[in-house]
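Presented below is the structure to which this report refers.
One-based numbering, in listed order, for ligands and for the atoms of each.
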Amino acid sequence: MDIRNIAIIAHVDHGKTTLTDALMRQTGMAEEGVSMDSNALEQERGITIYSKNTSVYYKDTKINIVDTPGHADFGSEVERVLRSIDSVLLVVDAQEGPMPQTKFVLKKSLELGLKPIVVINKIDKPAAQPDEVKEMVFELFLDLGADDEQLEFTTIYAIARDGVAMKKIGDEAKDLTPLLDTIIEQVAVASTQEAATKELRVQPFNLAYDNFLGRLAIGRIYEGAIKKADSVFIKTTAGEIRTGKITKLYTFEGLQRKEVEEAGAGDIVMIAGLPDIYIGETICKNTEQEALPAINIDEPTISLNFLVNNSPFAGREGKFVTNRQIKERLEKELEVNVGLKIDFSSADHYKVYGRGEMHIAILLENMRREGYEIQISQPHVIIKDVDGIKHEPYEEVTITIPDEMTGTVIEKISKRRGTMTNMAPEHGYTRIIFEIPTRGLLGYRNEFIVDTRGEGIIYTRVIGFRPHAGTIEKSEVGSMISMATGKALGFSLFNLQERGALYIEANTEVYEGMVIGNVAKGNDMTVNPTKGKQLTNMRASGADEAIRLTPPIRLSLESAMSIMNGDEYLEITPQSIRLRKQFLTENDRVKANRKK
Ligand SMILES: Nc1nc2c(ncn2[C@@H]2O[C@H](COP(=O)(O)OP(=O)(O)OP(=O)(O)O)[C@@H](O)[C@H]2O)c(=O)[nH]1
Ligand SMILES: [Mg+2]
C-alpha cells in the first residue's frame, strides 16, 4: 500500500487538531467527539502540548499525519517533525491571517524544501476574509524566499469544525474529500522501490514512554524494512555505534498504536527495546551504513531550581513529597521531554533547564496532578559564553493592541531593552513587533495585561542567543507578607486591599512568611491578615462575613512564576499554589539581606 507522510502546522488555535480529528472521522478512524488532544491538560487548556501521530486510510493509501502544537514554547518539537515528513498542511485562520508562528513553521518547511498545501480554515467566521488571507500567505511565501515550485501552492478552503473543505469558495461544502484528494495528488509517495530494497535505516524524531516497555522511539523508516526481534546498530552522526534489539514494533492507526511484526520503507513506526535511543540517531543493520543527517534540538533558555517543599504546610496535600520521589519523577520526564535538561548534582535542589515558562509550567502542572508537592525558585535566563562574549536568549514579541495604548507599551518595552522592528495597522488595532532579551520579558506579561486592560494580545517566540544587553532596570513589585500563621480574616483583608492586590481570600489558611499579595507602592511589607475586629467594637458576631472584598488575583503557575521575586519560592501542591519568602521570619530576612 502507498504511504504519504504529512504534518499539520499552524499558529496556535488556527485549527490543526480540529482538522486532524475531522480527517479521522471522515475516514472512519475515530468516532464523533474523539480528539487528538487526548491528554487531560490539553483538554483543559484547549491547546495541543505534545505532537502526536495518527494515520488514516483513503483510496488504498495510508496517510500518516502528525498533529503538531502551535504554541511557540513547543516550536522546536515541530521542527523535528518537519524533518521526517514529506509535506505539510499549512493551516491559516481566514480571519487572523498569517501570525508569527505561521511564519516560523512555514520558514522551516520552505528551508527543508517541502511544498506546503495551504488550508485557509474557519471561513465560516463572520469577519473571515479568505481572499485577502490567501494574498497575505502568498506574500509570506515570497518574503521567506519560496522557490517557483513552492509558490505554486494549492489552496484549500475549510471549515474544519464542520469537517468540510472546498477547492474554491462557493463550491459545495460536503466533506473533506477535496483536501484528501489534494493530499493524494500532491504529496510524494513515501518510498520508492529502490529504497524498499535497501538495508534498513530508521531515524527517530520523537520519544514516548510506556511503563512496561520503557522508552519508545517514533521514527521514519527511510530505507529497508524493520522486523520484530531484529538486532540492530544505532549510529550517531558523531560516529559512535551501539547495538540493540527490537522487542516490539507498532504502527499508528487512528488514535491507537497497532502492534505489527514488520514495517516497510516510508512508514512511521514506534519501536520498543532500545532504552537509550535518542532523537536523530540512525537505527540500521550494519556498521558500514551511513548515519542520517542529525536532527537539531534547540537549547533551553531558562532555568530554575526544584526543591522539596519545606513550607510549614508541607505534606498536607501531596502524596509524593520526598527528594527521592521528585528525583525519580524528573528522571522519568527526561525519557520523553526532549527540550528539558536537569542537573542532579546538588544535594538540596535540582536545576531544571527548559524552553520557556510554559514548558516548565506544563511539567509542574502534570506533577501536581499526579500528587507531587514541590517548591521552585524564580526562573532565570541562561547566559552562555560564545567566543568569550556573554550571550543571552532573545525573543521576538508580537503585540496587537488598541491604537491608543501604543505609547505606554512602546515605552515599557523600550525600558526593558526591546527594540521595535515593525509597526503596522491591523483591523483597527496596531501590531508591533519587537526584539527583546528574554530577561527583559520575564514578568512583563502581567503588566501588559493590566496596561492594555486585557484587550491586548502578546505573542512571543525565542529567536536565539545574542550578546548580553547589559543591565535592565525593572520595577520590582513589593510583596505583602504574612507575619502570622492562621486563618485570614475578611476584616484585615479589607484593610490590606487598600495597599495592593491580594492573592488570597477570606478564610484562606496562611503561615508566617507566606506572600499574600503585592504592594502597590514601595517595598515588601509585613502584615497580619489574621487580625479580627476588636470584640468591643463589634456590633454583631456575623459582621466579618458581611465585608465585601475585591476578588483576589488567583495565582496560576505561569502568572506566579512571572511575578515571584528572587528571594521567594513558589510552593506547588495538588490543591494549592502559594508564594512564600525563602526566609519565613522577618528576622531571618533581615539577617540574610545584611549578608549580601
Ligand atoms: N469558527 C470556526 N472555529 C473553528 C474551526 N476550526 C476550529 N475551530 C475552533 O478553533 C479553536 C482551536 O482549534 P484547535 O483545532 O484546537 O486549534 P489548534 O491549531 O490545534 O491549536 P494548538 O494545537 O493549540 O496550536 C477551537 O475552539 C475550535 O473549535 C472552524 O472551521 N471554524
Ligand atoms: Mg492542536
Does a donor on one side chain sit under 3.5 Å from an acceptor on the other, for Thr48 and Thr17?
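Indeed, the side chains of Thr48 and Thr17 share at least one donor-acceptor pair under 3.5 Å.
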
Can Ser35 and Asp37 be counted as having a side-chain donor-acceptor contact under 3.5 angstrom?
no

Is the distance between the ring centroids of Tyr394 and Phe465 under 6.0 Å?
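Ring centroids of Phe465 and Tyr394 are no less than 6.0 Å from each other.
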
Ring-ring centroid check Tyr372 Phe320, cutoff 6.0 Å:
yes

Do any non-hydrogen protein atoms sit less than 4.0 Å from atom 22 (P) of ligand 1?
yes

Do any non-hydrogen protein atoms sit less than 4.0 Å from atom 26 (C) of ligand 1?
no

Taking both backbone and side-chain atoms of [X], is any N or O found less than 3.5 Å from an N or O belonging to ligand 1?
| X | value |
| --- | --- |
| Leu19 | no |
| Ile159 | no |
| His71 | no |
| Asp67 | no |
| Pro69 | no |
| Asp37 | no |

Under 4.0 Å between a side-chain nitrogen and a carboxylate oxygen: does that hold for [X] and [Y]?
| X | Y | answer |
| --- | --- | --- |
| Asp86 | Lys115 | no |
| Glu392 | Lys384 | no |
| Glu447 | Arg416 | yes |
| Asp67 | Lys52 | no |
| Asp143 | Lys107 | no |
| Lys62 | Asp2 | no |
| Arg45 | Glu558 | yes |

Heavy atoms only: which of Ala22, Ala160, Ala158, Ala72 is nearest to atom 31 (O) of ligand 1?
Ala160

Who's closest to atom 12 (C) of ligand 1 heavy-atom-wise, of Asp13, Ile9, Val164?
Asp13

Could you check [atom] against the protein and tell me its nearest heavy-atom contact, residue, atom and distance included?
| atom | answer |
| --- | --- |
| atom 29 (O) of ligand 1 | Arg161 CD, 3.6 Å |
| atom 1 (N) of ligand 1 | Asp124 OD2, 3.0 Å |
| atom 17 (O) of ligand 1 | Gly15 N, 3.2 Å |
| atom 15 (O) of ligand 1 | Thr18 OG1, 2.4 Å |
| atom 10 (O) of ligand 1 | Lys122 NZ, 2.9 Å |

If the cut-off is 4.0 Å to any non-hydrogen atom of Val12, which atoms of ligand 1 fall inside it?
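Numbered from 1, ligand 1 contributes 24 (O), 25 (O).
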
What atoms of ligand 1 come within less than 4.0 Å of a heavy atom belonging to Ile47?
24 (O)

Please work out whether any backbone atom (N, CA, C, O) or any side-chain heavy atom from C-beta onward of [X] is under 4.0 Å from ligand 1, and answer side chain, backbone, both or neither.
| X | answer |
| --- | --- |
| Thr48 | both |
| Asn121 | side chain |
| Lys16 | both |

Please confirm whether the backbone N or O of Ile63 pairs with a side-chain atom of Asn5, one donor and one acceptor, at under 3.5 Å?
no

Anything under 30° is parallel, anything over 60° is perpendicular, the rest tilted; go ahead and classify Tyr459 against His71.
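Geometry flag for His71 against Tyr459: tilted rings.
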
Quick check for you: with the Mg ion (ligand 2) as the vertex, what angle do OG1 of Thr17 and OG1 of Thr48 span, to 10°?
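Vertex at the Mg ion (ligand 2): approximately 90°.
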
